[in-house]
Amino acid sequence: MKNNLKKPYNPQKIEKKWQNFWNKNNTFKAQDFSKKKKFYCLDMFPYPSGEGLHVGHFRGYTFSDIIAKKRLMEGYNVLHPIGWDAFGLPAENFAIKTGINPAVSTKKAIKNIKNQLFLAGFGYDWDREIATCLPDYYKWTQWMFLKLYKAGLAYKKKAPVNFCSSCKTVLAREQVINGRCERCNTQVEKKFLEQWFFKITSYADRLLDDLDLIDWPEKIKTMQKNWIGRSEGIEIIFEIDFFDSRFNLPVFTTRADTLFGCTYLVLAPEHPLVESLIKGKKNSSFPLGKSTIENKKEIEKYIEKAKSKTEIERLAEEKEKTGVEVKGIKAINPVNNKEIPVFIADYVLPEYGTGAIMAVPAHDQRDFLFANKYGLEIIETIKPINETSVFPFEEDGILTNSGVFNGMDSSKARKEIANYLIKRNLAKESVYYKIRDWLISRQRYWGAPIPIIYCQKCGELPVKEKDLPVLLPKIKDFKPTGKGKGPLAKVKSFVEVNCPKCNSLAQRETDTMDTFVCSSWYFLRYADPVNSKEFASKKKIKHWLPVDFYIGGAEHAVMHLLYSRFFTKVLKDLKLIDFDEPFLKLFNQGTVYRQGVKMSKSKGNVVTPAYIFEQFGADTMRLYEIFMGPADQATEWSDKGVVGCYRFLNKVWKLREKVKSKNNQKPNQQLHKTIKKVTEDIEHFRFNTALSALMILINQMEKEKEPALSDYQLVIKLLAPMAPHISEEIWQSLGNKQSIFLEEWPSYDEKIIKEEKVILIIQINGKVRDKIEVEAGISKTDAEKKALAREKIKKWTEKNKIKKIIFIPDKLINIVV
RNA sequence: GCCGCGGUGGCGGAACUGGUUUACGCGUACGACUCAAAAUCGUAUAGGAGCAAUCCUGUGUGGGUUCGAAUCCCACCCGCGGCACCA
């Protein structure tokens with residue numbers, strides 16, 4: 001073998017060494033109260049599944065690690081922690097299958113994943129590791145619950161909820177995807193159950209408005225905006241003519257401009273008016289229906305049918321509208337006193353608005369379908385501008401058939417009609433939201449118990465703070481019962497407790513909290529992870545928070561990211577923290593695909609980090625994670641592509657033998673350009689192009705006869721955040737005594753970057769025909785002369801007349817003939 | 001249906017605010033080294049015509065604006081992600 005290398009690049013040999021070195025020397029440990037500027041860099045903490053992480057999971061962690069390490073070299077005091085989102089269904093389901101306690105299997109999974117992350121060379125502050133399933137942690141989750149409870153933001157209510165028959169628990173609305181359970185894809189059922197909620201709805205406006213304060217991807221902001229779903233409009237009072245009395249029915253609309261086109265009203269089957277008219281349920285707002293409703297039986301039948309529909313059936317029947325008229329009552333359109341019929345139909349939702357709508361078939365798709373089916377009147381009141389009318393026309397236009405409002409445009413008419421009604425006390429301004437309160441109770445075992453006690457005498461009582469945590473008991477039978485109560489209800493020693501008020505025998509709440517509650521505040525705990533007196537000391541929170549940079553998957557857009565913002569605002573209002581938004585900047589890494597589908601265990605297309613570590617080392621994996629493509633875009637993992645990054649590292653390694661410690665040579669322009677590019681590209685998450693710039697530089701230095709040692713050292717620094725092990729090895733082998741991460745990030749000189757000569761492109765009619773090298777800053781006339789003197793150009797200019805010459809300084813000259 | 005993102009070689013992808021399309025890497029072909037292979041190094045690599053200089057065509061499709069368009073505008077097709085009877 002002619003290999004003249006003294007030592008070939010052997011990642012297996014060097015990587016372990018430096019991982020231990022950094023660990024021993026606390027290289028990546030965050031300093032509380034350092035005088036340096038702080039930088040809090042956070043990854044969405046992993047769920048410790050037994051399967052461990054695959055290379056797809058490592059992409060986001062690699063990005064944040066590069067940023068954290070660069071910041072460290074730039075002189076920041078960096079907090080880059082990691083922990084475990086350790087409660088939750090998968091561990092529990094695994095426990096049910098195997099009989100192994102989730103505490104045991106989770107601990108094992110954590111150990112495994114921790115090792116995976118350690119071997120990748122990620123610079124976490126391991127002293128701040130947290131796990132949400134440990135009593136030290138969930139004590140404070142329970143404490144947070146009590147804070148919300150005392151602030152009136154946690155309450156128990158009987159409500160229609162989503163129930164998963166496979167997971168045997170209720171779910172939050174955010175966890176129902178297309179009528180199916182987010183976890184197991186089972187169709188959810190609607191049930192009417194008493195459950196715990198957090199009042200996220202009372203923060204709807206702030207959650208919406210404060211999106212302007214944060215640097216997040218527009219996509220996520222839009223998703224949150226849509227989820228919150230704020231609609232401004234008015235509630236219009238329709239008088240209902242009923243037997244010998246009259247009463248008011250409020251209806252919400254955002255389209256007051258279409259009021260003259262309202263030809264009927266529709267009530268949700270669950271509307272209280274229906275209940276009082278048909279079922280005789282007492283209600284202060286509405287009279288009891290006596291025998292005046294002519295088709296009571298028909299209505300009852302319809303309601304019964306509507307209720308039995310599952311979520312999926314309702315979605316499937318989206319286009320097919322059904323309903324039934326309430327015969328015996330009429331409504332009065334307040335704007336023209338027209339009598340119109342009232343219907344009951346399940347396309348009107350009970351939970352939104354007032355549960356009743358004014359139907360305008362000419363200008364609403366759903367009303368149009370319904371009106372057509374039941375032969376109801378359709379009156380056009382909005383005419384499109386410069387178009388012929390096609391029903392339903394849902395855009396803004398010019399009013400017609402609308403009395404004194406004729407000829408107005410929609411937006412003006414909305415205000416005018418609203419004012420007209422408000423003045424006469426027939427309407428009021430109103431805002432409705434799509435977002436619902438967050439259902440947080442779960443009838444499951446593996447979660448933080450809800451700290452509430454029920455006493456027969458004293459009623460519902462919060463556990464005293466001093467009695468926290470309410471420990472999750474170790475039990476053998478984790479199986480959910482599916483009968484409205486979780487497995488904890490079977491544990492007598494857990495359930496039976498003395499009433500904190502009267503000391504008589506009482507019962508604990510046996511539901512546990514949604515794991516998203518645990519993850520709604522974990523970023524605060526990293527500031528002070530072992531505090532047993534507070535969830536974190538105020539001083540430390542003030543020092544570290546808010547998070548400067550947060551990275552994770554986009555799938556948490558309306559769950560974790562919304563919940564965490566909600567928690568932050570609540571804690572701010574309770575004066576426990578003093579900032580409004582938890583994550584100043586958010587970045588979503590792109591998903592990793594392989595063989596055309598998202599990499600996942602269930603698809604059977606995962607590549608394990610261990611395999612890559614063995615074959616090429618952690619540095620190669622890190623480089624490939626970033627080289628694959630733009631950081632925020634989904635991209636395909638190529639087994640063959642990985643090797644390119646390995647070859648690059650080998651080149652870097654071999655270059656060490658070639659560099660000469662010769663000084664005072666002329667500054668390396670390419671190097672300065674690369675420093676600039678790498679510095680800026682990392683700032684903008686363009687890791688792929690940063691790395692390609694380093695490749696270009698290394699290729700060039702390889703070709704030089706005597707590349708300078710000082711240049712080489714700078715290149716190694718640029719490479720260090722991306723490929724830390726090889727960089728540290730080379731750095732210290734060159735006689736440097738301290739870690740490369742304690743060194744300064746390289747700077748560049750704009751003067752050196754500035755080109756003296758530039759390539760000027762010569763175009764004929766916008767097509768490239770020639771190129772010449774010229775002095776930078778050449779004038780238009782000089783450039784013209786030089787260009788026209790070229791043989792290749794003469795060919796074109798001799799035959800044709802020159803019409804125009806366009807000159808872009810230092811770039812191109814375009815001759816139009 | 002609505003909202004958002006995307007469509008560039010055989011593949012992953014470059015191309016800054018309109019100015020050399022295909023950087024960097026993979027793959028492929030040929031060559032060097034080798035008894036041989038691997039590794040490594042070198043050369044080539046959008047398609048088409050030509051011995052060649054050179055020319056033509058090319059950034060999903062069709063139009064437009066411009067001296068000049070992957071980039072801007074209009075219409076459409078395809079893929080991905082989100083929302084989904086929200087009045």
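FYI, side chains are in, hydrogens and waters are out, and symmetry mates aren't considered; it's all heavy atoms of this structure.
Put simply, A/Thr222 has no side-chain N or O that comes within less than 4.0 Å of OP1 or OP2 on B/rG82. In terms of phosphate contacts, A/Lys219 brings no side-chain nitrogen or oxygen within less than 4.0 Å of OP1 or OP2 of B/rC5. Considering only side-chain N and O atoms, A/Thr591 lies nowhere under 4.0 angstrom from the phosphate OP1 or OP2 of B/rG81.
Listed nucleotides: B/rG68, B/rG12, B/rC85. Nearest to the side chain of A/Asn814: B/rG68. Closest to the side chain of A/Val816, out of B/rC67, B/rG19, B/rU40, is B/rC67. When distances are taken from the side chain of A/Tyr593 to each of B/rC80, B/rU20, B/rC41, the shortest belongs to B/rC80. The side chain of A/Pro630 approaches B/rA14 more closely than any other nucleotide in the set B/rA14, B/rG19, B/rU40. Counting only heavy atoms from C-beta on, A/Lys804 has its side chain closest to B/rC67 among B/rA87, B/rG12, B/rC67.
Residues A/Ile761 and A/Asp364 both approach RNA chain B. Their nearest nucleotides, taken by heavy-atom distance, put A/Ile761 toward the 5′ side. Nucleotides of RNA chain B nearest to A/Thr354 and A/Asn765 differ in position, and the one nearer the 5' end is that of A/Asn765.
Taking atom NZ of residue A/Lys767 and atom C1' of nucleotide B/rA69, one finds them 14 Å apart after rounding to whole Å. In this structure, A/Arg769 places its CZ atom 10 Å from C1' of B/rU54, rounding to the nearest Å. The distance between atom CG of A/Leu369 and atom P of B/rG1, rounded to the nearest whole Å, is 14 Å. A/Lys811 places its NZ atom 14 Å from the P atom of B/rA15, with the value rounded to the nearest Å. Taking atom NE2 of A/His684 as the reference point, atom P of B/rU17 lies 11 Å away to the nearest angstrom. To the nearest angstrom, P of B/rC5 lies 14 Å from CG of A/Asn588. One interatomic measurement links the two molecules: CD1 of A/Ile808 to C1' of B/rU17, which rounds to 13 Å at whole-angstrom precision. With rounding to whole Å, A/Tyr347 atom OH is found 14 Å from B/rC85 atom P.
Annotation: B/rA29 and B/rG18 have their P atoms spaced 42 Å apart (nearest Å). Taking atom P on both B/rG68 and B/rG64, the two are 12 Å apart, rounded to the nearest angstrom. For the C1' atoms, the distance linking B/rA49 with B/rG60 amounts to 27 Å, nearest Å. Using atom C1' as the reference point in both B/rA14 and B/rU59, the two lie 12 Å apart (nearest Å).
Heavy atoms of A/Trp637 sit nowhere under 4.0 angstrom from any nucleic acid atom. The residue A/Ala634 sits close only to the backbone: its heavy atoms come under 4.0 Å of sugar-phosphate atoms, none of a base. Using a 4.0 Å heavy-atom criterion, one finds that A/Asn226 contacts no nucleic acid atom at all.
Between A/Phe391 and A/Phe368, the ring-plane angle classifies as tilted under the 30° and 60° cut-offs.
Under 4.0 Å is where a charged nitrogen must lie from a carboxylate oxygen, and between A/Lys321 and A/Asp367 no such pair does. Using a 4.0 Å cut-off between charged nitrogen and carboxylate oxygen, A/Arg686 and A/Glu680 do not count as a salt-bridge pair. A salt bridge is absent between A/Lys305 and A/Asp346: the closest approach of a Lys/Arg side-chain nitrogen to an acidic carboxylate oxygen does not fall below 4.0 angstrom.
Considering A/Thr781, A/Val817, A/Ile815, A/Val816 as possible partners of A/Ile805, the one that fulfils the side-chain contact (heavy atoms from CB on, under 4.5 Å) test is A/Ile815.
For RNA chain B, each stem of at least three Watson-Crick or G-U pairs (distances under 3.5 Å) is given as range with range: B:1-7 with B:77-83, B:10-12 with B:24-26, B:27-32 with B:40-45, B:46-49 with B:54-57, B:60-64 with B:72-76.
Residues A/Phe370 and A/Tyr264 place their aromatic rings such that the two centres sit under 6.0 Å apart.
A/Ser410 places a side-chain N or O within donor-acceptor distance of the main-chain N or O of A/Gly397, the cut-off being under 3.5 Å.
With a 4.5 Å cut-off on side-chain heavy atoms, A/Glu750 and A/Lys676 count as touching. Counting only heavy atoms from C-beta outward, the side chains of A/Thr254 and A/Tyr432 never approach each other to under 4.5 Å. Within the 4.5 Å cutoff, side-chain heavy atoms of A/Val642 are placed close to those of A/Trp637.
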Whether each nucleotide of nucleotides 21-26 of chain B has a protein heavy atom under 4.0 Å at its base (B), only at its sugar-phosphate (S) or at neither (-) is summarised, 5' to 3', as S-BBSS
Kindly indicate, with the supporting measurements, whether the criterion ring pair (Phe, Tyr, Trp, His ring centres under 6.0 Å) is fulfilled by A/Phe685 and A/Phe63. CA-CA 8 Å; A/Phe685 316 111; A/Phe63 299 152; 8.3 Å; no
